[in-house]
Amino acid sequence: MTLSSQIVQFLFTGITIGSIYAMVGLGFNIIYNSTGIINFAQGEFVMLGGMVMVWLTTMVNLPMPLAFILTVAIVTVIGALFERLAIYPLKKPSVLILIIITLAGSIIFKGSAMLIWGKETHTLPHISGEEPIEFMGATILPQTLWIIAVLAVIVTLLAVFFNFTMVGKAMRACSVNPTAASLVGINVRRIVLLSFALSAGIGAVAGIVFTPMVLMEYDRGAMLALKGFCAAVLGGLGNGVGAVVAGLLIGILESFGAGFISSGYKDGIALLILLIVLIIKPSGLFGVSEASKLKEF
Amino acid sequence: MRFVRNYSSLLLFVLLLAGIPFFVEDPYFLSILVFVGIYSIATMGLNLLMGYAGQISLGHAAFYAIGAYTSGILTSQYNVNFFLSGGCAIALAVVVAYIIGIPCLRLKGHYLAMGTLAFGEIVYIFLNATVDFTGGPSGIAAIPEFRVGEFFFDSDLKFYILVWCIFILLFVVTRNIVHSRMGRALRSLHGSEQAASAMGVNVADLKVKVFVLSAAYAALAGVLYAHFVTFISPQTSDLMFSIRLVTMVVVGGMGHLWGCVLGSAILTVLPEMLSYFEDYDMLIYGCILLGMVMFLPGGLTRGAEMLYAKCVKKAGKRGDA
Amino acid sequence: MPDAILKAADITKEFGGITALKDLSFAVQEGAIHAIIGPNGAGKTTLINVLSGFLPPDTGTISLNNQVITGQKSHDIAKLGIGRTFQNAEIFGNMSVLENVMVGRHTRTSAGLFSSALTLPRARREEKQIRDHALSCLETVGLLDLAAVAAASIPIGNQRLLEVARALASEPRVLLLDEPAAGLNTQETRMLAELIRSIQQRGITVIIVEHDMELVMDISDDILVINFGEKIAVGSPAEIQANPEVIAVYLGEEG
Amino acid sequence: MKSSALFVLAAVILFGFVSVAGAAEPYKVGAVFAVTGPASWLGEPEKNTVKMIEEEINANGGINGRPLEIIVEDTVGEEAKTVLAVKKLITREKVCAIVGPSRSGTTMAVVPIAERYKVPLISCAAAEAIIKPVKKWVFKTPQSDADAVRRIYEKCQEMKIDKIAIMSGTTGFGKAGRDQLKKLAAEYGMTIVADETYGPKDTDMTAQLTKIKATKAQAIVNWSIVPAQTTVIKNRSQLGIKIPLFQSHGFGNVKYARTAGAAADGVMCPAGRLLAVDTLPDDNPQKALLAKYKKDYETKFKADASTFGGHAFDAIMLVVEALKAVGDDKAKIRDYIENKKGFVGTGGIFNFSATDHVGLDKTAFEMLMVKDGNFVVAK
């Protein structure tokens with residue numbers, strides 16, 4: 001394998017893995033924008049997406065498209081329920097309390113998933129076969145193309161949603177100034193609910209398309225959340241496009257780092273990036289520095 | 001006399017601790033209490049950070065591990081004196097906490113939570129990857145037992161006494177801090193950062209200070225752990241352990257010094273008493289954490305206080321009638 | 001005429017395109033009670049925040065006693081002698097009334113983590129001084145009876161007084177009061193007026209932002225009127241009351 | 001007044017802790033396994049196995065007329081909890097021997113306790129460090145990593161392979177394997193052309209495998225635990241790598257192979273004979289025992305038998321043999337195990353000695369190959 005085809009291979013790997021970070025990062029941003037909460041359970045939504053899909057396709061034996069829709073629906077409802085049951089009832093919670101609550105939520109999701117589906121590693125069939133495609137001496141799986149396509153669809157849909165629909169615009173208004181938003185008649189609490197549902201849904205989609213590639217088990221969430229958060233911060237917290245670019249960037253850096261530096265420190269790369277960003281430019285690559293200082297999170 | 005009044009609960013506690021070995025010499029029971037003591041020290045520091053400064057660290061296990069590893073390596077491989085190795089361990093944790101704390105706490109809100117989470121994972125990866133230095137995943141075995149001169153802390157009873165003496169010392173110190181000028185400034189952060197700043201409290205600086213202090217407590221706990229178990233592995237810096245420390249603080253009661261003992265004791269003894277939760281333990285942890293912050297944010301200490309106040313009120317009423 | 005203790009020159013502050021303060025300049029005489037009034041959204045609270053260092057001005061300078069303090073952190077400004085209260089009574093709800101005031105002594109004392117941890121004699125002496133001083137501040141505002149009560153549990157009127165006591169404890173040279181009469185009844189407002197006068201008599205300069213015109217006209221030596229972040233008028237209560245522009249602003253608001 | 005009340009209270013609580021001895025005098029054996037937690041894939045079959053044996057023995061009248069009581073403690077795979085569990089078993093339950101713990105780390109944490117209290121401890125964890133140097137009271141039943149490595153290298157020689165790439169997880173198990181692979185390479189004339197590692201939670205190893213693909217390696221040896229082993233298999237086929245893949249003896253449960261699907265076909269691993277019992281010749285001395293264990297386990301728990309449960313089987317059966325022979329004197333049990341020869345277990349035929357507290361050599365391993373989701377003996 002020549003150096004150039006190695007580089008191509010690392011790039012493919014990085015983009016594949018980076019896409020999942022991007023999706024998790026997007027989920028973080030949606031909730032953060034409308035509530036100022038960093039949802040520690042974000043990674044668990046991805047895990048639930050994968051697990052529910054496995055359950056529906058292999059145990060309930062539903063056809064793929066139906067299972068897909070049902071999975072996204074189920075996880076979305078779980079996300080919404082989490083907001084209604086654990087966050088909605090609180091009156092003026094402090095940031096500390098909110099962090100602990102989403103943390104507790106993530107542990108509960110994880111524990112429940114373990115009880116329901118066991119500790120085994122689960123897998124799903126690839127959408128269109130496992131025959132690798134050769135490209136410049138490197139190989140790429142059809143699933144990778146699916147993943148990139150899904151990411152592109154999600155980004156497009158979100159862009160349309162936030163820019164051209166009333167609800168999306170209302171959500172954006174909330175993120176700029178919740179008090180003002182409520183003054184002009186936007187139901188802020190409903191927006192919060194919606195943001196949890198939406199990011200749970202995105203997480204579920206991520207889980208579904210990734211499980212065939214990377215397998216899934218109950219305790220995948222924490223690491224995914226951490227990497228996704230790195231993407232969100234690197235891209236500038238609250239900045240959707242930033243999260244996607246940063247997610248892909250982190251994926252690629254990880255892949256090249258493992259390939260050319262040392263594979264043992266691979267998981268540390270994203271975290272190191274996070275710490276460096278926090279130290280040097282907390283507003284991220286694409287963020288406005290003022291915003292990160294004014295906003296609580 | 002004033003001393004007795006100020007410290008009545010502490011004195012009672014000391015008497016209770018001193019009494020226990022007369023009733024049980026069971027090394028198992030004493031070992032549980034040793035762990036409770038070690039966790040209490042770590043959570044006391046974390047409580048300062050969470051309960052008083054309103055910040056959260058999800059990487060305290062990393063400081064615990066830094067303490068354990070530094071002292072473990074220095075004593076087992078370089079034959080360093082215990083006081084020196086312990087001092088180095090705490091000093092290293094302090095320096096690292098400064099480096100992490102300054103950027104994270106400079107920002108408003110809770111960058112610290114994620115920053116410390118990432119830091120904890122990095123330490124975990126580091127301990128696993130640096131095989132020559134830390135033994136990698138296999139950890140370090142045969143760490144010498146704690147000793148002062150020729151006196152070896154080689155039994156559970158001796159270690160029990162050591163840990164709780166250190167705890168009580170720290171408790172007094174921490175209590176002094178909480179009731180002092182700096183402690184009030186610290187508590188004012190929890191009340192209102194704005195007002196604290198208007199009173200001349202350097203909010204960012206104080207947060208860094210208390211974060212560093214809490215890291216030192218955790219490192220000290222780690223040192224004690226290393227020399228009690230005499231074996232350490234990267235597991236000491238596990239994320240789940242950080243979360244458990246947070247849970248102990250929340251259960252015991254944020255902003256209550258006694259909360260750290262209560263929280264540590266409950267979360268150490270309860271699983272032992274119930275033998276095991278089987279696979280439900282994760283779910284139970286999550287529910288305890290969620291239930292606590294939703295329904296009893298002051299933790300059990302505050303809950304007990306409220307209950308006590310209610311009883312007194314009722315008794316008082318009955319007395320009147 | 002005594003010297004100006006606090007001077008603001010050409011202060012401008014914008015929030016994302018909206019100008020909250022525009023080229024605002026004024027001076028406050030030492031020992032005076034200086035009111036800042038204006039309709040809602042005129043930029044009064046922003047001005048207080050800029051003066052106390054909570055917000056950095058975009059342009060312009062602020063000087064205290066001829067020393068430029070622009071750009072300094074709020075806690076440093078507090079140390080230099082500008083104390084303040086907040087529009088929505090930011091008390092420390094997790095502490096007792098007395099402890100709230102004791103925090104006020106922060107800048108005037110020095111015990112660090114180390115000396116207080118070991119309760120060194122110096123720290124203990126200082127602690128006693130803090131307590132005594134805090135008690136005397138509580139006495140000044142008439143809250144001595146409530147010293148041991150949890151601050152969160154006292155009524156709003158007392159919370160405002162507590163804020164004043166807390167600010168007094170830091171021995172400010174200038175005290176900024178942000179709507180201290182909001183939520184007070186007539187009786188309490190009258191007592192507040194007396195309190196402010198007694199503070200003035202201690203030689204502390206008072207800057208008060210207030211909507212209660214009766215109170216303002218009653219106690220102020222000078223009044224600054226702003227609207228949309230710009231200075232409209234400045235002068236004695238009598239002059240302000242006669243100023244047609246001011247009347248227009250207020251009538252405009254009502255009409 | 002108040003303090004004396006507290007004393008009484010304390011005394012009452014503590015009294016509650018003290019266990020009351022039962023009427024029958026059973027032989028008490030302790031077991032510490034990671035029944036729950038991240039290492040439960042080890043602990044669960046281990047617990048099931050010892051419980052199954054306890055039932056079976058007691059149903060057949062116990063040992064020397066006395067019932068066998070196995071007290072299982074869950075370590076959750078945590079060192080601090082294991083320390084407590086072992087102290088509890090030794091000082092409170094007064095067990096005469098302990099089987100477990102499941103993990104190398106937890107075992108190392110309790111080795112000093114077993115030594116101090118002089119209680120025989122038969123670990124179900126693999127690391128060499130547990131028994132090297134020999135500790136008087138500590139034994140282990142899993143085959144040594146070195147023997148697994150030897151078995152792989154022999155197979156490589158057979159296949160005319162002399163350039164290998166190694167991959168390992170950054171866990172205690174992975175690291176121990178990596179050390180042995182490097183140490184023994186020269187002896188078997190192997191050249192290690194790539195040495196890659198990955199974190200235990202890593203979900204993608206294509207980067208490491210891409211590097212390996214670029215080398216002249218003729219085979220890959222992977223040393224890790226679940227789920228990384230499955231990921232390696234999947235990523236390997238994803239990159240179109242055709243050279244043989246050897247897994248470690250941690251690949252001891254057929255369900256790992258099944259998760260990887262068709263990609264697992266042809267993957268080899270050295271393992272105890274348990275996994276391929278059906279393909280063993282009938283004259284194999286282990287066959288009857290293995291078949292029985294496998295059948296019993298699978299009917300009782302409706303799950304695939306694994307070599308991990310087998311390690312616990314060997315450990316508890318050693319103790320049972322010792323109890324039969326010498327009763328429940330701890331020192332005698334220890335001496336008995338140390339001198340035990342020709343003990344047929346699931347892991348192989350054990351021959352212990354004063355210098356060898358594992359008692360197995362490389363013949364304990366069979367080279368197995370995955371074929372259509374099952375293990376067969378590699379030819």
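Computed from a predicted model, the values in this text were never measured in an experiment. Every chain is numbered from 1, with letters handed out A, B, ... down the list of sequences.
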Under 4.5 Å from a heavy atom of chain D, the part of [X] involved:
| X | answer |
| --- | --- |
| A:Glu217 | side chain |
| A:Tyr218 | side chain |
| A:Pro212 | backbone |
| A:Glu120 | side chain |

Margin query: Is it the case that the side chain of D:Glu298 and the backbone of D:Ala305 share a donor-acceptor pair, with hydrogens and angles ignored and the cut-off at 3.5 Å?
Written below: yes
Next item on the list: Could you tell me whether the side chains of A:Ser255 and A:Thr13 share a donor-acceptor contact shorter than 3.5 Å?
Entry: no
Checklist line | No-hydrogen, no-angle side-chain donor-acceptor test under 3.5 Å, D:Asp304 and D:Tyr256 | finding: no
Check: Relative to the ring of D:Phe251, is the ring of D:Phe375 parallel (under 30°), tilted (30 to 60°) or perpendicular (over 60°)?
Finding: perpendicular
Note to self: Set out, in order, the CA-CA distance, both residues' side-chain angles and the distance that settles ring-ring contact (aromatic ring centres under 6.0 Å, His included) for D:Tyr297 and D:Phe313, then state yes or no.
What the structure shows: CA-CA 11 Å; D:Tyr297 190 96; D:Phe313 179 89; over 10 Å; no
Margin query: For D:Glu196, which atoms come within 4.5 Å of any heavy atom of chain A: side chain, backbone, both, or neither?
Written below: both
